[in-house]
Structures are given as structure tokens and as C-alpha cells.
Amino acid sequence: MSRANEDEKPAAEPDRRVGGGSDTRPGASDFIRAKVAEDLRSGRYSGRVVTRFPPEPNGYLHIGHAKSCCLNFGIALENDGVCHLRFDDTNPETEDIKYVESIKEDVRWLGFDWGDNLFFASDYFEKLYEYAVILIERGKAYVDSLSEDEIRAYRGTVTRAGKESPFRDRPIEENLRLFERLRAGEFADGEHVLRAKIDMASPNMLMRDPLLYRIRHASHYRRGDDWCLYPLYDFTHCLSDAIENITHSLCTLEFENNRELYDWVLDNVGIARPRPEQTEFARLDIDYTVLSKRKLIRLVEQGHVSGWDDPRLPTLAGLRRRGVPPEAIGAFCDMIGVDKVNSRVDIAKLEYAIRNDLNQRAPRVLCVLRPLKVVITNYPEGRVEQLDAPYWPHDVPKQGSRQLPFGREIFIERDDFMEDPPRKFFRLAPGREVRLRHAYVIKCDDVIKDSATGEVMELRCTFDPDTLRGLPEGRKVKGTIHWVSAAHALPCEVRLYDRLFRVPDPEDVADGEDFTAHLNPDSLVVLEDALIEAGVAVDPPGNRYQFERQGYFISDPVDSNPGSLVYNRTVTLRDTWAKIAARDGR
RNA sequence: UGGCCCGUCGUCUAAUGGCAGGACGCUGGACUUUGGAUCCAGAAAUGGUGGUUCGAGUCCACCCGGGCCAACCA
């Protein structure tokens, strides 16, 4: 094909996936999708694709869960399949309905729809019990009456084989009777357990007669006191998958060793083929944050953050309150791909996904974070002009503008003035000119300081009436700064959020320290005296903006109201000047 | 130290025996009333040693490095 011909063609339909998805083979952009595509091709599951997202309702979802959620729902969507939302709720002591509700909210927020496919492992307790009975009848499971400590001791170590329990060869009839009595509540917690009879010498520790059921006299948040006998993960998960006719059961790498047991259970209770298959992928890790439930709980409980929705947390509730759009999280998940290598993703990649999304989504407004008063001495006292100011820059294809009042007294950003500016500082300084965004060019004539402290209190400037909005043609002014009218601007609180930790790997700690030692003391800076253009007052809480030259912000969905405006910084803009300043200051 | 899994630019990944490519980040430039966005250019990788092969990131062996497993959690 000739080059000219190519040039005339309309651009090809762009790949729906972002970033890393440079792979154009149909139906496959990672090893799991390749496997699904192969199963479809071979007809293994007769064309069915059924995945599941299986959180345990014992905590809040975080961005690591979002990766799994995007994978499971994404694969279903791409293949005309379905993805179930299943709560893996077999531990009555840690689970709660409030987590079920928050997880559902978060999954919906991410944009996924499970339709009618909402399931609970706890609904399968009866069925699971029947499967356990089958295992006992087949001589594949037994009631063990060793204590917890004894079981541990009998298990051996990774380099030494275990020892068989003296109860291992209990007759099937006795096992059956005992198991019934376990269910009936005749025993105390820990008195007996049900174990699979596999191999106490297996090199895979999980195959050394794994526990299937344990006694817990505890109320379950959904089943109440129906049960005092609760199935454990390795027994529950694979059978729940089988009950729901899952085809592809995707989980994280730390379950690799569990796969042998997953298959063993399905084979030995007699699940027909084709049956669900477990495939493992690497969990998400991001630098400068933590993504383990245990550590997140500590941050919340010890008060290092304000709660589960603290905007510094990588929880979905936190990201939402931070102003991160769910679409940005989806784009991020597409960018990072899916593989089996343990990895830690550069947080800059997340920030890129957020900026890239918000650039198209967030209208531009002016907000001065740290105000410095400017009096324009040649501007008539009492005069106010309404300047038309587009909400969108020239390269965002959206319409809309507002009127910005301009007067003799304005506020500019303190950082935009320097008495003794370094090289390449393009903003205001004594004797220098800058352009005011959407307005005029001003020149700094005088600096008024506090005689006692030397602090700059006010600038006296003059404006050039011929310079409105970029005029005249060809007039080159190096810098443009944002501003607000002193007479019109509204006071607001601005919360500047930054990364929660100072180091890329907070878990890498010296002896005697823990990850909280690396907390960034400046992860939240609250500015009480910011000033914002008045038009935003009518916007509902949760509205997102770009504060020009500062970053993307959201009006806090919880604390902001028309009488008391509060904005959270989602992410800064890319800041070339900060880079130059940091480098030169080194 | 038994078993399982994994090593590709700084980071995340593609290449399924045939030109090591993309993304983020970084560097330089263009453009710009946002030091934003956009555009252009650049630097940057197959852990090591052998072997099989016309040809190896890919297959084999050994070595090195990393992860997971000894909860009645998931």
C-alpha cells in the first residue's frame, strides 16, 4: 500500500485499551485473556465465560481490589460472559453487613454491574455440608480431635514431613455420626475439626490433611446462629465456584499453592468436567503507599488518617473522596496489565491516568491558595469589568464560559511573586510584567512590606489597558498567573493532599521500626484562607475542577457546602517549574 | 534448607523459535494568555554461564536473585 493512500485513510479505530495494550491479537492482551480466548476457541466450556469477584466482607475495597474487579468484570464483558459478585463470607468473627454495603457501592462506582448475580458463600452452607458428607463417605475426610497446637505440631515443617493424627483412621460411620454432632453444637470451639485425608508427607503444606471445617459458636452476620460449624476457604471457594458454574477463577499469586487443593476437592467430591479452573496473577502494589488490609486498618485505627475514606488512603472510598474519577482507575488498570511477576507500580502512572482523565473532564476555574494583595494603581476606583473566561482550554473540545469580575484590587498567588527572582522565573517581580489570566498585563511598581517583619504585604502595580486577553497581537509576555477579584472572591478551605509515605517502599523498615515511621508528615496541608471565584458557589458538592496552574480539585463531598466551601486536591498539575527549581536548588 | 511460582529499559509491560516494541517516568526541542495539554526528538532492557538450533528473551541444564507455603484467616 502506498504511503499517500495510507495518509488519506481515516485513522484506524483505536485500540480500546490504553497504554500497555499494544498487543493487537484479537481477544488476548495478557496471559489470562489469552487462556480465555484459547478456551473459547477449543470449546472447552461451550463458549461460556463466567468469572467472579469474590471479596470477603471484612474491610473496605482498595485499588488493588479494583485491579481484580476490572480483570474479572472486564473479561466477562469482552467475551459476552457474566461476572458474579460473590461475598466469601465464611468467617463469622470478622465479617459484617456494613462491608457488604460498602463493597457493593464501590463496585458500582467503578462502573460494574453484576445484574442478578449477587451471591454469598454463606448461602451455600447446606450444600457445602452435603459435599463434606460425601467426602467422609468416600473415606476422604475425617473428624480430628487433636488440639490446635497438636495439629500444628503434627503438620511438620516445609523441610520435614508431618505425622498422621491418631484419629485419622476413624471408621467412616463414626466420622459421619461425629460430624453430625459437630453441626448440632454438641462440642465447644476447637474440640474437633473436619480434615481432608490427603498426605501428611506432601511437599505442599496445604495438602497435609487440610482443615475443612472448624467449630465456632459465633453469630454470622447473615446466618445468625444457624451454624456453629463453619467451612474454611479451601473447601468453600472451589465449591462455590463449581456451584455457580464459574469457568475462570482468577486469584492472586499467593494462592498458587492452594490450586492443588482446589483441584483435589473438586475431583474428590465428584464435580463433573469441565469444571472451574483457578489461575493466578500478581496482586497490585504501588509505591509510596500500602495496600494490605492489615496496614490500612492500623492507619485508620491509630488515627494516622481520618477514616476509611481519608483522601490519602488507596481505598476506593478514599480515592473517591480525593476526587479520582472511576474511569481513571479503569484506565490505570488497563495500563498496568496483568502478569505473574510481583511488581510495584510507579505511583506516577496512577497520577498520569488521573490527570489524563481530568484534563477532559474538569472545567478550569481560578483559585488563589495563598493570597497576596495587589492594587492596580491606574485602574479607576470603584470600576468593575466583567471578563469573559472560557471554562476550557483551546485543546479541550468543550464549550462554555463565565464572567469574571475584575477590579482595582485583586489577589494573586504568593508564590507568583519573588523580590529577588532566580533565573527562568517567569512570574512577577519588582519592575517586571506578567499577564493576568483572561485579563490584562500588569507591571509591578512597588512592594509594600511589614516594617517589623519584612514580610511582603501588598504589591502596587499598573495595568496596560491595551492588553486584554492576549492583545495586542505579538505582545510577548513570558508568564501568565491566576488571580481573583478582592471584592468578589469567596473564602474557602483547601486541603492539599500528598503521598502518604515519604519512601517508595514503606514496608522496608529498620529494626525496631514499622511502616508508620515512614509516614509523610506533610501528606495533608490545610489552607484556611484561600480565595476562589464566586461562581463555584452554586455547584453541588463533589464537583471537580482544575484550579488553573495548581491542580485538580473536588469540592469535598462530605464537608463542603455553599456557606463553607472546602476543596480537596486530587492531584497537582505537572509542574515543570518545580522541577527546575528543585534541580537548581540542589 | 522441601515444594511451587517468577526474572525484558528506572517502573509497568509486548514479542507464543525470526527486526527486542509500547506506556509511565526522565532529557532536549516546538507550540502555548495554564511552567497545563499537545507535538517532535533522545537516552534507556532480555540476571549469569553453558547447550540445542541456520537462528534463542522464548527450548534444555546449571548457577544467581526474588515471591509464596508450616492460621481452626481469605
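Here is how names work: the chains are called A, B, and so on, in the same order as the sequence lines, proteins then strands, and each is numbered from 1. All values reported here derive from a predicted model rather than from experimental measurement. The figures that follow rest on heavy atoms only: side chains count, while hydrogens, waters and symmetry mates do not.
- The aromatic ring of A:Tyr352 does not sit over the base of B:G25; the criterion of centres under 5.5 Å apart with planes under 30° is not met.
- A sub-4.0 Å separation between OP1 or OP2 of B:G2 and a side-chain N or O of A:Thr157 is absent.
- The gap from the P atom of B:C24 to that of B:C39 amounts to 10 Å, rounded to the nearest Å.
- Using a 4.0 Å heavy-atom cutoff across all strands shown, A:His438 reaches at least one base atom of the nucleic acid.
- For A:Arg86 and A:Phe53, the positive end is not near the middle of the six-membered ring at less than 6.0 Å and at most 45° from its axis.
- Annotation: B:U58 and B:G50 have their P atoms spaced 14 Å apart (nearest Å).
- Among the heavy atoms of the strands lying under 4.0 Å from A:Asn258 is at least one base atom, whether or not backbone atoms are also near.
- If you take OH of A:Tyr288 and P of B:G25, they are 15 Å apart, rounded to a whole angstrom.
- Against the 90° criterion about 0, the sugar-base torsion of B:A71 places it in the syn range.
- Here the C1' atom of nucleotide B:U34 and the CD atom of A:Glu533 are 14 Å apart, to the nearest Å.
- The phosphate of B:U13 has OP1 or OP2 within less than 4.0 Å of a side-chain N or O from A:Ser343.
- With A:Glu260 contributing its side chain and A:Met207 its backbone, the two residues share no donor-acceptor pair below 3.5 Å.
- Here the P atom of nucleotide B:U33 and the CG atom of A:Leu468 are 14 Å apart, to the nearest Å.
- A distance-only check finds a donor-acceptor pair linking the side chain of A:Asp287 to the backbone of A:Ile347 [under 3.5 Å].
- Note on A:Arg437: a base of the nucleic acid sits closer than 4.0 angstrom, heavy atoms only.
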For a side-chain contact (heavy atoms from CB on, under 4.5 Å) check, start with the C-alpha distance between A:His217 and A:Ile215, then their side-chain angles and the critical distance, and finish with the verdict. CA-CA 7 Å; A:His217 289 274; A:Ile215 298 170; 3.6 Å; yes
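- A distance cut-off of 5.5 Å between ring centres, combined with a plane angle under 30°, leaves A:Tyr233 outside any stacking arrangement with the base of B:A74.
- Between A:Arg427 and B:U34 there is no side-chain N or O to OP1 or OP2 distance below 4.0 Å.
- Residue A:Asn257 is in base contact, counting any heavy-atom pair closer than 4.0 Å across all strands shown.
- Of the candidate nucleotides B:U13, B:G36, B:C69, B:C69 has the atom lying nearest to any side-chain atom of A:Met205.
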